[in-house]
Amino acid sequence: MTGRSLRPWLVVALAAGMTAATCTSSSSTSPSPRRALSVVATTTVFADLVARVGGERVAVSSLVPMGGEVHTFDPSPSKAAKVAQADVVVMNGLGLDDWLRRLVADSGARATVLVLAEELPGAEYLGGEAGEEVNPHLWLDASYAVGYVARIRDALTTADPPGAATYRANAEAYAGELRALDRWARATLAAIPADARRIIAFHDALPYFARAYALEVVGVILPAPGQDPSAGYVGALVDEIRRSGVRLIVSEVQFSPALARTIAAETGATLVSDLYSDTLGDPPVDSYTGLLRWDVERIAAALR
Ligand SMILES: [Zn+2]
């Protein structure tokens with residue numbers, strides 16, 4: 001990708017920005033429609049958090065499509081054009097979606113880049129997947145999603161100061177919903193006997209979820225997204241499942257369930273292959289709250 005091939009898009013983006021500025025100054029005295037703040041997020045999960053805080057003031061889209069795999073995502077040139085035109089770009093950081101930093105640099109984007117998970121106030125970080133010092137999946141603990149929401153509120157307010165009151169009210173209401181969801185998830189899984197609350201995860205998405213909701217992740221099938229585990233690794237995992245007596249393997253929609261199915265058949269463990277972690281799906285999993293509720297209910301039903 002070269003800067004030259006993107007120049008026409010930049011011209012369009014700049015022209016659009018100038019038009020918007022003109023509209024904004026005239027809209028203070030007339031009811032002409034205000035241009036929505038343009039926000040691009042790396043995943044459908046973060047796009048949903050932005051939509052809840054931004055409401056009608058914000059037009060948000062996701063770079064990774066619904067059902068896509070964020071860790072190994074390879075953005076097409078059309079994604080660079082989208083980023084070049086955005087006012088705010090939202091990513092997780094911690095190695096989950098670092099391809100966005102290159103995309104922003106290559107596209108010449110002037111957008112504010114909001115990184116949700118790095119140095120999150122109050123967060124206690126857990127060890128990472130292969131190649132990552134810190135595990136990036138903080139949002140699967142709903143109390144950390146509240147921290148993401150506060151950061152989104154602040155970034156939208158900086159980019160669109162007249163929306164401050166709207167963003168504050170939306171974020172406060174949504175945070176209340178997330179705290180209630182967090183309490184419900186804790187209570188639902190606490191009803192399962194402690195020695196049954198153990199799982200094998202497909203990729204290492206669940207350490208924060210497990211810590212928050214009192215589960216133990218005994219092992220992961222895919223130690224590094226984008227790399228198939230070796231036969232030796234899978235053999236050792238099968239031994240560990242048999243030795244420890246873990247009854248449940250969970251896998252996620254963005255991965256093929258073939259390997260998890262084989263391991264479940266070999267060990268006699270139950271397989272739940274439709275959990276959601278890094279992407280949203282069709283209703284009722286078309287929101288972050290729907291995703292968390294779904295995962296908790298699927299796991300609780302399988303462990304009961
Ligand atoms: Zn992941």
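Ligands are counted one by one from 1 in listed order, and the atoms in each one are counted from 1 as well. Because the structure is predicted, anything quoted here is derived from the model rather than measured.
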- Message: How large, to 10°, is the angle at the Zn ion (ligand 1) when you draw lines to NE2 on H71 and to NE2 on H137?
- Response: 110°
- Task: Taking the Zn ion (ligand 1) as the reference point, name the nearest N/O/S atom of D278.
- Result: OD2
- Query: Can you pull the salt bridge (charged side-chain N to carboxylate O under 4.0 Å, His left out) pairs that have at least one residue in residues 83-102, sequence neighbours excluded?
  - Reply: R35-D87, D98-R101, R101-E118
- Query: Which ILVMFWY residues are connected to L271, directly or by a chain of links, through side-chain heavy atoms under 4.5 Å apart?
  - Reply: I200, F202, V218, I221, L222, V234, L237, V238, I241, V246, I249, F255, L259, I263
- Message: For the residue pair E252 / S277, report whether a side-chain donor-acceptor contact shorter than 3.5 Å exists.
- Response: yes
- Polar contact flag, side-chain donor to acceptor under 3.5 angstrom, D182-Y213: yes
- Is any N, O or S atom of D204 under 2.8 Å away from the Zn ion (ligand 1)? no
